[in-house]
Every structure is written in structure tokens, then in C-alpha cells.
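Shown next, in C-alpha cells, is the structure this report addresses.
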Amino acid sequence: MDNAKLLDATGLSRQFGGVRAVSNLSFFVNTGEILGLIGPNGAGKSTTFNLVSGYYRPHSGRLTFEGRDITGLKPSAVSRLGLVRTFQHNSLLGELSVYDNILTGCYAFIRDGAERDRRIHETAELVGLTSLLDEEGRNLPHGHQRLLSIAIAFASRPKLLCLDEPLTGLNGQEMTHALNVIRRIRDEFNTTILLVDHNMRAVMQLCGRIIVLNFGEKLAEGTPQEISSNPDVIRAYLGGDPA
């Protein structure tokens with residue numbers, strides 16, 4: 001695995017009125033890793049995703065992607081460079097078929113119609129939606145909608161895929177399948193992944209390194225084992241002293 005920094009965030013800060021959602025946050029994502037970003041509600045995770053993907057401009061700090069300064073670039077420009085994200089709520093268009101939803105993710109990146117069709121089928125197979133390509137997105141059960149959101153984002157084959165709570169509301173079987181899909185994206189396509197999710201067990205299984213945010217600041221960073229035994233992390237999640 002190549003450990004070169006793919007994304008480097010230095011001193012990011014963003015506030016809304018008098019509330020500082022992210023404060024002097026620095027972190028990096030290595031090429032080929034699955035990095036987890038966790039924290040209690042209101043910790044700044046979604047704001048961080050919005051900063052990284054260009055939906056918010058930082059009030060201070062710098063973002064580089066593959067060594068290029070992307071601070072302040074619009075989301076469309078960021079995505080063209082190979083940094084694509086999903087959203088907490090499904091990114092799909094309910095009135096479109098699964099096929100056409102995936103098409104929206106790669107249309108601007110692939111000009112040839114036959115190549116687009118091949119990409120759509122490859123992506124549908126990856127997430128397990130091949131048999132549902134003609135189904136409207138709004139008719140899919142929740143677990144399949146979450147997979148379709150991943151498929152839309154991954155259809156362009158980004159270098160960095162940012163997944164914002166992709167596991168929310170999944171049952172045990174759906175969870176196992178989604179984790180396997182995410183691993184395949186990394187292992188078979190050499191895609192780097194930045195993951196935000198509240199399912200700690202899943203994050204611990206999936207990620208080689210985890211960053212913990214609290215009140216917009218980095219509270220801890222380390223392996224799953226280091227994070228799960230960190231007293232500061234336990235206090236932030238449980239609101240008391242660790243046993």
C-alpha cells in the first residue's frame with residue numbers, strides 16, 4: 001500500500017455565527033487507506049466533509065489533494081479532480097431508474113455511450129443491484145437505496161471516496177454486505193476512502209486508522225485498538241470517566 005498523502009488538511013476552521021463548527025483541524029488521508037472520522041453529534045464531522053468536498057469554504061486553513069491546493073474550489077471542480085462524496089441522506093433521484101441514477105454519477109466523466117453502459121453495469125454488480133437496474137430509486141428498500149448512493153458516487157471511479165454515514169439504518173445482513181462492498185472498492189479499485197459513521201463496531205472493523213472529533217477539534221487519532229481504549233474518547237462518548 002502506498003502511504004503517500006492523498007489529502008492533506010491543515011488548520012481548517014469554519015464557524016457559523018458565533019459557533020465554531022471546526023477549529024484548527026489538521027489531518028491527512030494516505031493513499032489506499034480507509035480512514036474513519038468519528039465523534040459525538042455536533043462534533044464537526046459533516047462540516048469537515050463539506051469543507052473537504054468544496055461545499056463550504058474554510059475561514060482559515062488549507063486543503064491539498066495530490067499536492068494541489070484545492071482550498072475554496074467548487075464541488076464540481078473538486079469532483080473532477082477525483083474527490084467525490086455521498087451525503088447523510090440518500091443522494092439518489094427517486095423518479096429515475098437505478099440505471100439512470102448510476103448514469104448521473106459517470107455521465108460527465110465518460111463520453112462514449114458503450115463505455116458508460118459498461119461502467120454502469122460494473123458498478124451495479126459491485127454493489128449488488130444488477131437485477132434492479134430498471135427499478136425506480138424511490139421504490140427500493142432503504143438498504144438498497146444506501147447502496148445506490150454509494151454506486152452513484154463511485155461511478156466516476158474517484159481517487160478519494162468520502163462516505164457520509166453510509167451504514168445508517170442497515171440491518172445485520174445489509175451491514176455485512178455494505179462493509180464488503182466498501183472493502184472491494186478499496187481493494188479491487190485502489191480507491192482511498194474517508195468514512196464517517198456512528199456505527200462504532202463497523203468503523204472499528206473497517207478502518208485501519210481513526211480520527212475522533214469533539215466540539216470541532218481533533219480529540220484523538222490512532223488505530224482502532226488505540227481509539228477504543230483512549231480515556232478521552234470514552235469520556236466524549238459516554239460523558240463520564242472511564243472505568
Side-chain angles (χ1 to χ4, degrees), residues 1-2 6-7 29-36 49 53 78-94 96-197 199 202-203 205-208:
M1 184 182 298
D2 185 357
L6 182 63
L7 177 74
V29 186
N30 284 325
T31 299
E33 76 172 329
I34 303 178
L35 174 67
F49 254 43
S53 55
V78 172
S79 67
R80 284 195 297 270
L81 293 175
L83 192 164
V84 177
R85 64 166 296 181
T86 64
F87 293 85
Q88 288 183 20
H89 304 291
N90 288 328
S91 308
L92 60 88
L93 298 171
L96 294 185
S97 67
V98 169
Y99 184 100
D100 286 340
N101 265 283
I102 300 175
L103 174 62
T104 66
C106 64
Y107 184 85
F109 297 88
I110 304 175
R111 295 192 176 188
D112 181 72
E115 177 62 19
R116 282 182 190 147
D117 184 70
R118 188 198 66 79
R119 175 66 60 83
I120 291 165
H121 280 85
E122 180 185 64
T123 305
E125 184 281 327
L126 172 69
V127 300
L129 295 179
T130 300
S131 64
L132 299 169
L133 281 170
D134 294 327
E135 190 69 56
E136 289 185 359
R138 60 189 167 196
N139 294 334
L140 298 179
H142 173 75
H144 286 157
Q145 289 187 351
R146 302 305 289 178
L147 291 169
L148 179 54
S149 292
I150 295 174
I152 294 167
F154 187 59
S156 66
R157 298 298 183 266
K159 298 168 185 174
L160 176 60
L161 179 62
C162 299
L163 300 175
D164 195 353
E165 299 191 20
L167 310 175
T168 300
L170 302 186
N171 63 33
Q173 184 176 2
E174 292 169 338
M175 180 79 65
T176 298
H177 177 64
L179 293 179
N180 287 335
V181 167
I182 294 170
R183 289 190 185 99
R184 284 187 64 190
I185 288 173
R186 194 275 303 272
D187 296 341
E188 297 179 20
F189 295 88
N190 195 32
T191 302
T192 304
I193 295 171
L194 176 60
L195 171 76
V196 166
D197 210 89
N199 188 314
V203 171
Q205 291 177 14
L206 196 59
C207 300

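Quick note: numbers below take in every heavy atom, side chains included, and nothing from hydrogens, waters or symmetry partners. One-based numbering along the sequence shown.
With rounding to the nearest 0.5 angstrom, the CG atom of L160 is 9.0 Å from the OG1 atom of T31. Here the CG atom belonging to L83 is positioned 10.0 Å from the NZ atom belonging to K159, to the nearest 0.5 angstrom. The distance from atom OG1 of T168 to atom CG of D197, rounded to the nearest 0.5 Å, is 5.0 Å. With values rounded to the nearest 0.5 angstrom, L129 atom CG is found 12.0 Å from H121 atom NE2. We find the CD-CD1 distance between Q205 and I182 to be 11.0 Å, quoted to the nearest 0.5 Å.
Looking at every heavy atom in both residues, E174 comes nearest to G143 through OE2-CA, 3.7 Å. Contact detail for L93 and N101: the closest heavy-atom pair is N-OD1, 2.7 Å. The heavy-atom pair separating F49 from L194 by the smallest distance is CZ-O, 3.5 Å. Closest approach of T86 and A153 over heavy atoms only: CG2-CB, 3.6 Å. Here the closest heavy-atom approach between residue T191 and residue P158 is recorded as CG2-O, 3.4 Å.
Looking at heavy atoms from C-beta onward, V98 lies out of side-chain contact with D134 at the 4.5 angstrom threshold. Counting heavy atoms from C-beta outward, N199 and M175 have side chains that approach closer than 4.5 Å. Between F109 and R119, the closest side-chain pair of non-hydrogen atoms is not below 4.5 Å. Contact of the R116 side chain with the D112 side chain is not registered, since no non-hydrogen atoms from C-beta on lie closer than 4.5 Å. Residues N30 and L6 are not in side-chain contact: their nearest non-hydrogen atoms beyond the backbone lie 4.5 Å or more apart. Looking at L140 and E135, their side chains come closer than 4.5 Å, going by heavy atoms from C-beta outward. Looking at heavy atoms from C-beta onward, L170 lies in side-chain contact with L167 at the 4.5 angstrom threshold. At least one side-chain heavy atom of L148 sits under 4.5 Å from a side-chain heavy atom of I102.
Sorted by first then second residue, the ring-ring contact (aromatic ring centres under 6.0 Å, His included) pairs that include residues 163-183, not counting sequence neighbours, number zero.
Applying the salt bridge (Lys or Arg N to Asp or Glu O under 4.0 Å) criterion to R183, with sequence neighbours excluded, gives no partner residue. Judged as a side chain to side chain contact (heavy atoms under 4.5 Å, CB included), and not counting sequence neighbours, the contacts of I150 are L163, P166, I185. Among residues two or more places apart in sequence or in another chain, the salt bridge (Lys or Arg N to Asp or Glu O under 4.0 Å) test is passed with R118 by E115, E122. Contacts of D100 classified as side chain to side chain contact (heavy atoms under 4.5 Å, CB included), with partners at least two apart in sequence or in another chain: L96, S97, L103. Here F189 pairs with F154 under the ring-ring contact (aromatic ring centres under 6.0 Å, His included) rule; sequence neighbours left out.
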Item to check | Stepwise side-chain contact (heavy atoms from CB on, under 4.5 Å) check, L195 with C207 | outcome: CA-CA 8 Å; L195 171 76; C207 300; 3.9 Å; yes
Next on the checklist: Walk me through whether E165 and R146 qualify under salt bridge (Lys or Arg N to Asp or Glu O under 4.0 Å).
Outcome noted: CA-CA 9 Å; E165 299 191 20; R146 302 305 289 178; over 6 Å; no
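No donor-acceptor pair under 3.5 Å is formed between the side chain of E33 and the backbone N or O of T192.
No more than 12 heavy atoms of other residues, nucleotides or ligands sit less than 6.0 Å from atom OH of Y107. The local environment of CD in Q173 is sparse, with at most 12 non-hydrogen atoms from other residues, nucleotides or ligands closer than 6.0 Å. Other residues, nucleotides and ligands place more than 12 heavy atoms under 6.0 Å from the CG atom of N171.
If you check the side chains of S156 and R80, you find no donor sitting under 3.5 Å from an acceptor.
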